[in-house]
**Q** 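One structure follows; several queries about it will come next.
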Number of protein chains: 2
Amino acid sequence: MTCTSLANADVSDYEMIEATRAVLGLVSGRWSIDVLYLLASGTRRYSELFYEVGEISKKTLTQTLRSLQRDGLVARRAYADVPVRVEYSLTPLGWSLTGPLMSLYEWAAAELDGVSALRGSVSMPPPEGHT
Amino acid sequence: MTCTSLANADVSDYEMIEATRAVLGLVSGRWSIDVLYLLASGTRRYSELFYEVGEISKKTLTQTLRSLQRDGLVARRAYADVPVRVEYSLTPLGWSLTGPLMSLYEWAAAELDGVSALRGSVSMPPPEGHT
DNA sequence: CGGTATCCAGCCCGATACTG
DNA sequence: CAGTATCGGGCTGGATACCG
């Protein structure tokens, strides 16, 4: 079976593939992770996200936000103030996803040791020559 | 800090974002997960993967394999037999990644319960609550 | 401030055909 | 069997300008 690291060996490969890929799809956007992590540290206004993410365009930030919103990971709240104010935050579902996401980070930190190998492009020192 | 769900609150947001995105990058190919899960259940020949993955093209399968290979997740082994034979398998690093990947699947199974909420890609026929 | 509209570039992926 | 070569299409994301 596939899952030696877990107990539920009764689910099909196909089901795991589909589901895993679907989850990956939720955060596959170029900036999804950035937005998720930023919102994990607190509610933000649109312009705060725009500034803090860095090089993102407004169009793409909006797209990213809408996508996360549609998937139920992020909540949008608009206030009728006169310079308009909109705040984004993580939903409970969004929060729950930070766990699995952290396990990916943990893996990187443990296996790739400091992530230095990941910056730019991943170049692993070959544990043994592959022919 | 950001990580209320974990203990290591001493790493920067930036570092987590970079690392998490890097890991995501390793498996971001359309077929990476399929290949990884398939290889997780045992070594396969090229043609076996080609058949088992389903709708993938040879070019894309090769690309996916090369990418996973470059990242150190998959090992390639060629035999000089006369109908050429090539076998692919997971490296220890590849194996170690199946854990974090499973936690993504677990999340989907727990939070999305049937994956129906996952846009378009996953078409679950009739929801006959299995628990 | 918080977006849209429009145009455009790059990348990933597929189909088909050919090769050692 | 296990690829490579070539052409092409769709989708994501960027730049800029404009709007309530």
Side-chain angles (χ1 to χ4, degrees), chain A residues 17-18 21-36 38-39 43-71 73-89 120-122 130-131, chain B residues 17 21-22 24-36 38-39 43-71 73-89 118-122:
Chain A
I17 290 172
E18 285 294 300
R21 223 163 53 186
V23 177
L24 253 18
L26 298 180
V27 296
S28 63
R30 169 69 182 78
W31 302 103
S32 303
I33 295 297
D34 301 62
V35 170
L36 249 20
L38 247 19
L39 292 183
T43 294
R44 308 286 167 100
R45 299 180 55 165
Y46 182 88
S47 51
E48 292 176 321
L49 287 171
F50 186 65
Y51 172 73
E52 290 182 88
V53 168
E55 315 165 295
I56 197 171
S57 70
K58 287 204 275 184
K59 175 195 162 192
T60 303
L61 177 56
T62 301
Q63 270 179 183
T64 302
L65 254 6
R66 292 281 185 275
S67 171
L68 295 172
Q69 211 185 320
R70 267 194 305 279
D71 295 334
L73 304 177
V74 161
R76 193 190 111 118
R77 193 143 172 217
Y79 301 84
D81 297 1
V82 167
V84 190
R85 204 184 62 184
V86 178
E87 288 182 348
Y88 291 92
S89 57
S121 59
V122 184
H130 44 275
T131 46
Chain B
I17 290 171
R21 223 162 53 186
L24 253 18
L26 298 181
V27 295
S28 63
R30 170 69 182 77
W31 302 104
S32 302
I33 295 299
D34 300 63
V35 170
L36 249 19
L38 246 17
L39 291 183
T43 293
R44 306 287 165 100
R45 300 182 55 167
Y46 182 87
S47 52
E48 292 177 320
L49 287 171
F50 186 65
Y51 172 73
E52 290 182 88
V53 169
E55 316 164 296
I56 197 172
S57 71
K58 288 203 270 184
K59 176 194 163 193
T60 303
L61 177 56
T62 301
Q63 269 179 184
T64 302
L65 254 7
R66 293 282 185 274
S67 171
L68 294 172
Q69 211 185 320
R70 267 193 306 277
D71 295 335
L73 304 176
V74 160
R76 193 191 110 117
R77 194 142 173 213
Y79 300 85
D81 298 0
V82 165
V84 189
R85 204 184 58 180
V86 178
E87 288 182 349
Y88 291 92
S89 58
L118 299 171
R119 52 182 186 194
S121 55
V122 186

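None of the values given here were measured: they were computed from a predicted structure. Atoms considered below: every heavy atom in the structure, side chains included; atoms not considered: hydrogens, waters and symmetry mates. Throughout, protein chains are lettered first and strands after them, A, B, ... in sequence-line order, and every chain is numbered starting at 1.
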**Q** Which value, rounded to the nearest 0.5 Å, describes the distance between B:L26 atom CG and B:L36 atom CG?
**A**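 If we round to the nearest 0.5 Å, B:L26:CG and B:L36:CG are 9.5 Å apart.
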
**Q** For B:R44 and D:dC1, what is the distance between atoms CZ and C1' respectively, to the nearest whole Å?
**A**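 My rounded result for the distance is 18 Å.
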
**Q** Taking the minimum atom-to-atom distance to the side chain of B:P83, which one of D:dG3, D:dG14, D:dC1 wins?
**A**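 It is D:dC1.
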
**Q** To the nearest Å, how far apart are B:E52 CD and D:dA2 P?
**A**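 It works out to 13 Å between those atoms.
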
**Q** Separation of A:D81 atom CG from C:dG3 atom P, in whole Å?
**A**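 Computing the A:D81:CG to C:dG3:P distance gives 13 Å.
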
**Q** Roughly, in whole Å, what's the span from CD in B:E55 to C1' in C:dA15?
**A**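 The distance from CD of B:E55 to C1' of C:dA15 comes to 14 Å, rounded to the nearest Å.
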
**Q** Expressed as a whole number of angstroms, how long is the span from A:R21:CZ to C:dC13:P?
**A**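 From A:R21 CZ to C:dC13 P: 11 Å.
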
**Q** Mark yes or no for whether A:S67, through its side chain, and A:Q63, through its backbone, hold a donor-acceptor pair below 3.5 Å.
**A**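 Here the side-chain-to-backbone pair does not exist.
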
**Q** For C:dG2, does OP1 or OP2 lie under 4.0 Å from any side-chain N or O of A:S47?
**A**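 Yes, because at least one side-chain N or O of A:S47 sits under 4.0 Å from OP1 or OP2 of C:dG2.
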
**Q** Between A:Y88 and C:dG3, is there a side-chain N or O to OP1/OP2 distance below 4.0 Å?
**A**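 Answer is yes, contact under 4.0 Å.
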
**Q** Give a yes/no on whether any side-chain N or O of A:R66 is located under 4.0 angstrom from OP1 or OP2 of C:dG3.
**A**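 Affirmative; the distance criterion is met.
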
**Q** Could you tell me the separation between the CD atom of A:Q69 and the C1' atom of C:dG3, rounded to a whole number of Å?
**A**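 These atoms are roughly 13 Å apart.
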
**Q** Quick one: label A:V86 by what it contacts on the DNA or RNA (base, sugar-phosphate, nothing), any heavy atom closer than 4.0 Å.
**A**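 Contact class for A:V86: sugar-phosphate only.
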
**Q** D:dG14 phosphate, OP1 or OP2: any side-chain N/O from A:T60 under 4.0 angstrom?
**A**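 Yes.
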
**Q** Within a radius of less than 6.0 Å around OH of B:Y51, do more than 12 heavy atoms belonging to other residues, nucleotides or ligands occur?
**A**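 Open: at most 12 neighbouring heavy atoms sit under 6.0 Å from OH of B:Y51.
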
**Q** Measuring to OP1 and OP2 of D:dC11, would you say a side-chain N or O of A:R30 lies under 4.0 angstrom away?
**A**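 No, outside the criterion.
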
**Q** Just to confirm, is there a sub-4.0 Å distance from OP1 or OP2 of C:dC12 to any side-chain nitrogen or oxygen of B:W31?
**A**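 Checking B:W31 against C:dC12: no side-chain N or O falls below 4.0 Å of OP1 or OP2.
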
**Q** When rounded to the nearest 0.5 angstrom, what is the spacing between CG in B:L73 and CZ in B:R70?
**A**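 Rounded to the nearest 0.5 Å, the CG-CZ separation comes out at 11.5 Å.
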
**Q** From the options D:dG3, C:dG3, D:dA15, select the nucleotide whose nearest atom is closest to the side chain of A:K59.
**A**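 The listed nucleotide nearest to A:K59's side chain is D:dA15.
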
**Q** Just one of A:I56, A:L61, A:T64, A:V86 clears the side chain to side chain contact (heavy atoms under 4.5 Å, CB included) bar with A:L49, so which one?
**A**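 Of the listed residues A:I56, A:L61, A:T64, A:V86, the side chain to side chain contact (heavy atoms under 4.5 Å, CB included) partner of A:L49 is A:L61.
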
**Q** Quick check on DNA chain C: between A:R76 and B:Q63, whose nearest nucleotide comes earlier from the 5' end?
**A**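 First, find each residue's nearest nucleotide; the 5'-ward one identifies A:R76.
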
**Q** Does A:R44 reach the main-chain N or O of A:L38 with its side chain, forming a donor-acceptor pair under 3.5 Å?
**A**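 Yes; at least one donor-acceptor contact below 3.5 Å.
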
**Q** Want to settle it: does A:G29 or B:R45 sit nearer the 5' end of DNA chain D, counting the closest nucleotide to each?
**A**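 The answer here is B:R45.
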
**Q** Would you kindly give the NZ-to-P distance between A:K58 and C:dC1, to the nearest whole Å?
**A**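 Going from A:K58 (NZ) to C:dC1 (P), I get 9 Å.
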
**Q** What is the separation between atom CZ on A:F50 and atom C1' on D:dA15, rounded to the nearest whole Å?
**A**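 Taking CZ of A:F50 and C1' of D:dA15, I get 11 Å after rounding.
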
**Q** Over all strands shown, is A:Y79 touching base, sugar-phosphate only, or nothing at heavy-atom distances under 4.0 angstrom?
**A**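 Since no nucleic acid heavy atom lies under 4.0 Å of A:Y79, the category is nothing.
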
**Q** Nearest to the side chain of A:V84, heavy atoms from C-beta on, is which of C:dG3, D:dA5, C:dG2?
**A**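 Minimum distance to the A:V84 side chain belongs to C:dG2.
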
